[in-house]
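These notes are about the structure you will find just below.
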2 protein chains.
Amino acid sequence: MARTIGSHGPKTMEAIRKAGLRLIFEHGFAAMSLRQLAAEVGIQSGSLYNHISTKQELLFELVRDHINELLRQLDRALQGKQRPVDKLRAFVAFHVSYHMTRKREVFIANSELRSLEPKNYEAIVALRGAYEARLAEILTEGVAEGEFEVVDVQVATFAILALLTGLTTWYRPGGRLTKEAIVAAHEKLVLSSVAPGPAPDRAQTKRPPSRRVATRGTLERR
Amino acid sequence: MARTIGSHGPKTMEAIRKAGLRLIFEHGFAAMSLRQLAAEVGIQSGSLYNHISTKQELLFELVRDHINELLRQLDRALQGKQRPVDKLRAFVAFHVSYHMTRKREVFIANSELRSLEPKNYEAIVALRGAYEARLAEILTEGVAEGEFEVVDVQVATFAILALLTGLTTWYRPGGRLTKEAIVAAHEKLVLSSVAPGPAPDRAQTKRPPSRRVATRGTLERR
DNA sequence: TAGTTAAAAAAACGTATGATCGTTTAATTG
DNA sequence: CAATTAAACGATCATACGTTTTTTTAACTA
């Protein structure tokens, strides 16, 4: 017995990616074995090599394709928006909605960078940088036009991204809140966080001078 | 040749923890081998078992002790604070300052939950819940006293924690910004994010009705 | 100082891993 | 329909893993 009746390359590849995504999410890249993955797909582990050349390639492509799709859809969501506040709102709505359905990919893209080989790592970091740049651009414009106020654009960019992405750690479909409520909650948080003007109890608090800094800095991600 | 001259249990244990922290951070728990760890410490891999009983125990204790320390110091930072806004500011300042020095622990505590055995996992999740509860409590009080406004306390809690913790992914000592500037940037973001009142351009935006919800929900973490 | 405990080295155990390779069958192509 | 390609099976390779066990030496204790 050899080739299974009904086998079809593209279909098997899809099953591999789907199972890989789940197993890496649940166990981690290193802890997922190819025997485990193959069993999940319904083939023998040696057969995986008809579809992927290495285990590393599977991880790389899962992460890369996720980020590429994210960029594609973000650009679509931002289309036609002119004012920074509209862009930011669209960014938030898109990010939250999209990430509700990509919990696994996001977690893996954050936790498995270290499992990527150097060349792959660099490619992924560059893609992530492109996504971050879009938000930084929105904030920079908003600050320049007086619509936003932040202490530091780069810090705000990373912080807001973290805030928005954090939902993947707790969100589950069918929970207490509707998708719309969650989007609304994040919109309020984010749009308020960069709103010009005082934070609570300015009259009784000492705050650093309000500085509007719109420069890119030397901050690095790990 | 057997016992090395100058060996001292507590000291070796500390070296194991330190090396373990770094290697797990850099490679992941599953990808770090005990031979690698032992080499880093300067002993043979079998000798590790004089100090730890299993590889799993090492991970568990690293994560558990980190969170316990976090809780201890948070409570100290909140001491004497009465008003919600003061508590929140103290929370932010503490969280940001503390996490600047615990980048590795934090990343591991977030990405290696899945590497914990069920019993250990539950213990850690409970500890994390205690930390989250402290922020949720502050927000709830603030909302009840009219100092804060959020769409949903639980969502805001998780979002703010994510925002504050996100710094560990990019912060490096000696970067462009001083520690104080980073704390200030986060304070502005967080305190503004829960500030009562309008987000930018209320006049031109449709927003959901402002609801002050202070209930605990059924949200779950992964 | 003899006995005990601690902590290391060294070797081995039982099991597991990513990947290779040869064979077999199914599907496709001209 | 024969030949080719695709995709699977089954076995194996070379290496690695967490852990155990025995031995050896250092440090401590009474």
Side-chain angles (χ1 to χ4, degrees), chain A residues 1-21 23-24 26-63 108 112 114-120, chain B residues 1-21 23-24 26-63 108 112 114-120:
Chain A
M1 55 177 95
R3 178 168 178 164
T4 304
I5 295 174
S7 63
H8 179 48
K11 202 168 147 201
T12 306
M13 184 67 226
E14 198 46 48
I16 290 170
R17 291 176 66 114
K18 186 175 170 189
L21 179 68
L23 290 173
I24 296 172
E26 291 182 358
H27 303 288
F29 178 68
M32 173 194 79
S33 75
L34 291 181
R35 285 168 176 77
Q36 189 183 15
L37 174 61
E40 191 72 15
V41 174
I43 57 177
Q44 302 301 308
S45 64
S47 301
L48 290 173
Y49 293 90
N50 288 315
H51 309 273
I52 60 175
S53 51
T54 60
K55 187 183 184 185
Q56 169 76 200
E57 175 186 291
L58 175 62
L59 176 64
F60 174 67
E61 295 195 350
L62 284 176
V63 176
I108 289 166
E112 300 288 354
R114 62 200 167 168
S115 302
L116 292 168
E117 287 169 3
K119 183 171 65 84
N120 293 339
Chain B
M1 50 176 97
R3 179 169 177 165
T4 304
I5 295 173
S7 63
H8 179 51
K11 201 170 152 203
T12 306
M13 183 68 228
E14 199 44 48
I16 289 171
R17 292 176 66 114
K18 186 176 171 189
L21 179 68
L23 289 172
I24 295 173
E26 291 181 357
H27 302 289
F29 177 67
M32 174 194 80
S33 76
L34 291 181
R35 286 169 175 77
Q36 188 183 17
L37 173 62
E40 193 72 24
V41 174
I43 59 176
Q44 301 300 307
S45 65
S47 301
L48 290 172
Y49 293 90
N50 288 313
H51 310 274
I52 61 175
S53 50
T54 61
K55 187 183 182 185
Q56 169 76 200
E57 176 187 290
L58 175 63
L59 175 65
F60 175 65
E61 296 196 349
L62 284 176
V63 176
I108 289 166
E112 299 291 354
R114 62 199 168 168
S115 301
L116 291 169
E117 287 169 1
K119 185 170 65 80
N120 293 338

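Letters A, B, ... are given to chains in the order of the sequence lines, protein chains preceding strands, and every chain is numbered from 1.
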Is any N or O donor-acceptor pair between the side chain of A:N50 and the base of D:dA6 shorter than 3.5 Å?
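Checked by distance alone, the answer is no.
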Identify each atom pair where a protein N or O and an N or O of nucleotides 25-30 of chain C are less than 3.5 Å apart, giving names and distance.
from   : atom 1 : to   : atom 2 : distance (Å)
C:dT25 : OP1    : A:M1 : N      : 3.4
C:dA26 : N3     : A:R3 : NH1    : 3.4
C:dA27 : OP1    : A:G6 : N      : 2.9

Heavy-atom pair with the smallest gap, counting every atom of [X] and [Y]:
X: B:V41; Y: B:A15; result: CG2-O, 3.8 Å
X: B:A31; Y: B:H27; result: CB-O, 3.2 Å
X: B:I52; Y: B:E57; result: CA-OE2, 3.6 Å
X: A:I24; Y: A:L59; result: CD1-CD1, 4.2 Å
X: A:L34; Y: A:Y49; result: CD1-OH, 3.1 Å

Whole-Å gap separating [atom2] ([N]) and [atom1] ([X]):
X: B:E57; N: D:dT19; atom1: CD; atom2: C1'; result: 14 Å
X: A:L48; N: D:dA6; atom1: CG; atom2: P; result: 18 Å
X: A:L37; N: C:dT17; atom1: CG; atom2: C1'; result: 14 Å
X: B:F60; N: D:dG18; atom1: CZ; atom2: P; result: 20 Å
X: B:E117; N: D:dG18; atom1: CD; atom2: P; result: 14 Å
X: B:L58; N: D:dG18; atom1: CG; atom2: P; result: 11 Å
X: A:H27; N: C:dT17; atom1: NE2; atom2: P; result: 12 Å

Do A:T12 and A:I43 pass the side chain to side chain contact (heavy atoms under 4.5 Å, CB included) test, and can you show the C-alpha distance, the side-chain angles, and the key distance before you say yes or no?
CA-CA 9 Å; A:T12 306; A:I43 57 177; 4.2 Å; yes
My understanding is that only residues two or more places apart in sequence, or in another chain, count here; which of them pass side-chain contact (heavy atoms from CB on, under 4.5 Å) with A:E117?
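By the side-chain contact (heavy atoms from CB on, under 4.5 Å) rule, A:E117 matches A:Q56, A:N120.
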Going from CZ on A:F29 to CG on A:L58, what distance comes out if it is rounded to the nearest 0.5 angstrom?
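Here the rounded value is 7.0 Å.
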B:H51 side-chain N/O to C:dA6 phosphate OP1/OP2 under 4.0 Å
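For B:H51, the contact criterion (side-chain N or O under 4.0 Å from OP1 or OP2 of C:dA6) is not met.
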Please produce a list of atom pairs where a protein N or O lies less than 3.5 Å from an N or O of nucleotides 18-21 of chain C.
from   : atom 1 : to    : atom 2 : distance (Å)
C:dG18 : OP1    : A:M32 : O      : 3.3
C:dG18 : OP1    : A:K55 : NZ     : 2.5
C:dG18 : OP2    : A:L34 : N      : 2.7
C:dG18 : N7     : A:R35 : NH1    : 2.9
C:dG18 : O6     : A:R35 : NH2    : 2.8
C:dA19 : OP2    : A:Y49 : OH     : 3.0
C:dA19 : OP2    : A:K55 : N      : 2.9
C:dA19 : O5'    : A:Y49 : OH     : 3.3

Decide, yes or no, whether a salt bridge links B:E112 with A:R114 under the criterion of side-chain N to carboxylate O below 4.0 Å.
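Salt bridge present between B:E112 and A:R114.
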